[in-house]
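Shown next, in structure tokens, is the structure this report addresses.
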Amino acid sequence: MKKLILAIVLALPLMAEAQNAQVTLIRKQYAEAKQQVALIEKGTSSMGFGHTVVTSNYTMPGSGPVKETIHYYYRGKTDDRTEEFYLFPFLVTRNYNIGADDHYEEYLYNECGDGIAFFFQKNAYGETRYYWNTCADKNFFHEDIKGNRGLDEVFAARQAADFRAAFDKLMNREY
């Protein structure tokens, strides 16, 4: 029994180190994405990168007028199987208000194109960060919450998938 407890105690730092390595990898990808966004917004990005903005104005019962702005930052890619060119969003940002409360969200998609790597939400109640799978580790998940939790991780992942599907319909004409 003592050996089992000792093994668990010794394994905990190794597990934390592996988790930190994944978070560090995702943060590096995020920093690179933000650098590319800055180049896109300056108009100095390399060929194949772009930016599309979708703005919605509507009224929410009980909250009043809402203005929602979604920025899609994307790049061109070629499908390895079909060799077809398509546009791939690497970062989506969303600003919106509900009543007097402003909300900001970011969705960073993983490099292999099959899911979300990072979610960030900031509002008057706190900040929420979720780190998901990388191409190397599909089962990874880590959360960092300051203040009240914003969206839960399941809804955030679903919303990221919805934004990706909307982008594909809008830009890649996938109906």
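Numbering of residues begins at 1 and proceeds along the displayed sequence.
- Residues passing the side-chain hydrogen bond (donor to acceptor under 3.5 Å, both in side chains) test with Asp162 are Arg158, sequence neighbours excluded.
- Expressed to the nearest 0.5 Å, how far OH of Tyr131 lies from CD of Gln22 amounts to 12.5 Å.
- Atoms OH and CE, from Tyr86 and Met171 in turn, are 14.5 Å apart once rounded to the nearest 0.5 Å.
- Scanning both residues, Ala160 and Ile116, for their nearest heavy atoms gives CB-CD1, 3.5 Å.
- Within the model, atoms NZ of Lys169 and CZ of Arg164 stand 12.0 Å from one another, a figure rounded to the nearest 0.5 Å.
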CA sep, side-chain torsions, deciding dist, call: Phe49, Leu39, side-chain contact (heavy atoms from CB on, under 4.5 Å): CA-CA 9 Å; Phe49 285 88; Leu39 293 174; over 6 Å; no
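- The distance from atom CG of Leu91 to atom CG of Leu108, rounded to the nearest 0.5 Å, is 6.0 Å.
- Within 6.0 Å of the NZ atom in Lys67, the count of heavy atoms belonging to other residues, nucleotides or ligands does not exceed 12.
- Considering only residues two or more places apart in sequence or on other chains, Tyr109 meets the ring pair (Phe, Tyr, Trp, His ring centres under 6.0 Å) condition with none of them.
- Taking NE2 from His103 and CG from Asn95, the interatomic distance works out to 11.0 Å, rounded to the nearest 0.5 Å.
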Arg94/Gln159 under side-chain contact (heavy atoms from CB on, under 4.5 Å): CA gap, chis, key distance, verdict: CA-CA 11 Å; Arg94 177 182 182 215; Gln159 204 159 339; 2.5 Å; yes
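- Scanning all heavy atoms of the two residues, the minimum distance from Arg75 to Phe90 falls at NH1-CB, 3.6 Å.
- Under the side-chain hydrogen bond (donor to acceptor under 3.5 Å, both in side chains) criterion, Asn172 pairs with Asp168, sequence neighbours left out.
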Donor-acceptor list for residues 51-66 side chains, cut-off 3.5 Å, not counting sequence neighbours:
residue : atom : partner : partner atom : Å
His51   : NE2  : His71   : ND1          : 2.8
Tyr58   : OH   : Glu68   : OE1          : 3.0

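- Between Pro89 and Tyr74 the shortest heavy-atom distance is CA-CB, 3.8 Å.
- When hydrophobic clusters are built by joining Ile, Leu, Val, Met, Phe, Trp and Tyr residues whose side-chain heavy atoms come closer than 4.5 Å, directly or via intermediates, Leu170 is grouped together with Phe85.
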Test side-chain contact (heavy atoms from CB on, under 4.5 Å) applied to Tyr73 and Thr93, step by step: CA-CA 8 Å; Tyr73 299 95; Thr93 66; 4.2 Å; yes
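- Qualifying side-chain hydrogen bond (donor to acceptor under 3.5 Å, both in side chains) partners for Lys34, counting only residues two or more places apart in sequence or in other chains: Glu106.
- In this structure, Tyr107 has its ring center under 6.0 Å from that of Phe119.
- In this pair, Tyr72 and Phe167 present their aromatic rings tilted. The plane angle is within the 30 to 60° band.
- Atom CZ of residue Phe118 and atom CH2 of residue Trp132 lie 9.5 Å apart, to the nearest 0.5 angstrom.
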Quick one: side chains of residues 120-127, donor-acceptor pairs under 3.5 Å with protein atoms, not counting sequence neighbours, listed by atom name and distance.
residue : atom : partner : partner atom : Å
Gln121  : OE1  : Leu151  : N            : 2.9
Gln121  : NE2  : Glu105  : OE2          : 3.2
Asn123  : OD1  : Tyr125  : N            : 2.8
Asn123  : OD1  : Gly126  : N            : 3.2
Tyr125  : OH   : Asp101  : OD2          : 2.8
Glu127  : OE1  : Arg129  : NH1          : 2.9
Glu127  : OE1  : Arg129  : NH2          : 3.2

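- Taken together through direct or relayed side-chain contacts under 4.5 Å among Ile, Leu, Val, Met, Phe, Trp and Tyr, Val23 and Ile145 form parts of separate hydrophobic clusters.
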